[in-house]
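In what follows, every chain begins at residue 1, and chains take the letters A, B, ... in the order their sequences are listed.
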Amino acid sequence: MLTSGIILLAGSLLEPNPGLIFWTAVTFVIVLLILKKIAWGPILNALEEREKGIQSSIDRAHQAKDESEAILRKNTELLAKADAESDKIIREGKDYADRLRADFTEKAQAEAKKMIATAKDEIEQEKRRALDVLRNEVADLAVKGAEKIIKTALDADMQKKIVDSMIQDLSTKRN
Amino acid sequence: MKRLNVINPKAFIKVFALLVPLLLSGYGIAAASAGQSSSISGGPVAASAVEAVHGGAQAAPEEEKAGDVIMHHILDNRVFAFEPFGSVELPKIVVGGFDISITKHVVMLWLVSATLLLVFLLVGGKYKGMTPRQAPKGLANAIEALVEFIRIDVAKSNIGHGYEKHLPYLLTVFFFILICNLLGLIPYGATATGNVNVTLTLSVFTFFITQIAAFKAHGVKGYLQHLTAGTHWSLWIIMVPIEIIGQFTKPFALTVRLFANMTAGHIIILSLIFISFILKSYIVALAVSVPFAIFIYLLELFVAFLQAFVFTMLSALFIGLATAHAGDGGHEAAAAHH
């Protein structure tokens, strides 16, 4: 509208008003002071604290990452070491077992040999004892036989011959 | 995009519903004075053309009236009017020869202050009961976005070191101007920031803060050196007055920028609406006044935020320029570049 020019020329738009300036200043200062107390303080503090919190969280996360990486590295190392260790233990165990087996076999063989030897000795002794018993038995039998013969036929010559031959037989057989 | 499509028709219908009774009453008066204009019904184009002629014939008194109404709306008043419901006479106070009467703009300033205090009492209370690990919700979140914007993008990037000291002022001035601008867009409201006295006062605050910050940053000697702009002594006779004038042009620019922007938007909206009264035409009202007024209104909403931001931004910039150290040329250049 054309009146806008008139409005400005009238000067009333730029009319100074000390009362309004006074009230603006008073109102603004009071609002500024109150807001500073009730709003800007808590809000800005909260923002700053949150900023710090976020920064420290990021720092902590980085630190935790570094730490976990170090732990992972250590774990890998430990694992490798443990692997080597277990390999060594298994190998040693195998060696030991082999040695043990060999030992046992050897010992068992020796034992067996010894047992065989003692068995042989015992057999020999038994045999000898059996022979002794047999000999006694034979002597007894011979005596009994002689008795019988004596009882039945008192032919001395014949008997003598028989006994002689018998003794001869025995002695040869004994050897 | 979709959202815009949803909102625009709604806003259109609302504003239209508000304007229809207004247009009808205006038309009725015009018809009574014009006499035969209601008999014309040969078609919308013919009607508007004839009425335009009639309007032209009565242009001078109508324009006077429109101008008066616009002025009445823009200027400060001793009466807070709620047409057509009545009006409230505001008290006249004179203390020691100074007229410090309560005017419409003073009442608006107080309403703005009350709004600010209410909003920030709520928000501040929420922040007091909050641990740093909690995220803000709702209103506090919305306010925090603005506060964080002023803190980082306006204060920190323009002032640099020691910006925390000036934050309360910058934040207050931003929200104060913003609410002033927005309340001016509400029916029956008035734009306090559309009054040159109010913007002048706010700029004077910025001016004093800038000067004090400069004194604190450089001391008296450094401040005086700053006035010579680092030139040869033979040029001082030119440079010193220019620098001194420069100190005053900054707040002057702030004053006029805010005042002119806020006043201009309102004058444009009112003028657009008065076109339909002067031309006495529904066609003009529907085709020109209402759509354009809505467009300017939406633009004004944007300008409300923009001018609050610009005022705060420039205040921060001036403080930054005043406190920038001599060896800190890079910062000064960067700030000037904005």
### Message
Is the distance between the ring centroids of A:F28 and B:F176 under 6.0 Å?
### Response
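Aromatic pair counts; centres sit under 6.0 Å.
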
### Query
How about A:W40 and B:Y169: are their ring centres within less than 6.0 Å of each other?
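Aromatic pair excluded; centres sit 6.0 Å or further apart.
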
Contact part of [X] toward chain A, heavy-atom cut-off under 4.5 Å: side chain, backbone, both or neither?
| X | value |
| --- | --- |
| B:I74 | side chain |
| B:I268 | neither |
| B:L202 | side chain |
| B:T103 | side chain |
| B:V106 | both |
| B:L116 | both |
| B:T172 | both |
| B:I177 | neither |

If I compare all heavy atoms of [X] with all of [Y], which pair ends up nearest, and what's the gap?
| X | Y | value |
| --- | --- | --- |
| A:P42 | B:Y127 | CB-CB, 4.1 Å |
| B:G189 | B:M108 | CA-CE, 4.0 Å |
| B:T191 | B:C180 | CG2-O, 4.1 Å |

May I ask you to say whether [X] pairs ionically with [Y], meaning some side-chain N is under 4.0 Å from a carboxylate O?
| X | Y | value |
| --- | --- | --- |
| B:E148 | B:R151 | yes |
| A:E126 | A:R129 | yes |
| A:K161 | A:D164 | no |
| B:E144 | A:R50 | yes |

Against chain A, work out which of [options] has the most heavy-atom pairs shorter than 4.5 Å and name it.
| options | answer |
| --- | --- |
| B:L270, B:V123, B:L117, B:V112 | B:L117 |
| B:V147, B:I102, B:N197 | B:N197 |
| B:T201, B:L200, B:V119, B:V196 | B:T201 |
| B:V198, B:L171, B:I143, B:L167 | B:L171 |

### Message
Please rank A:L35, A:V31, A:I43 by heavy-atom pairs under 4.5 Å with chain B and give me the top one.
### Response
A:I43

### Task
Could you tell me which portion of A:I30 (side chain, backbone, both or neither) has an atom closer than 4.5 angstrom to a non-hydrogen atom of chain B?
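Neither part, no heavy atoms under 4.5 Å.
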
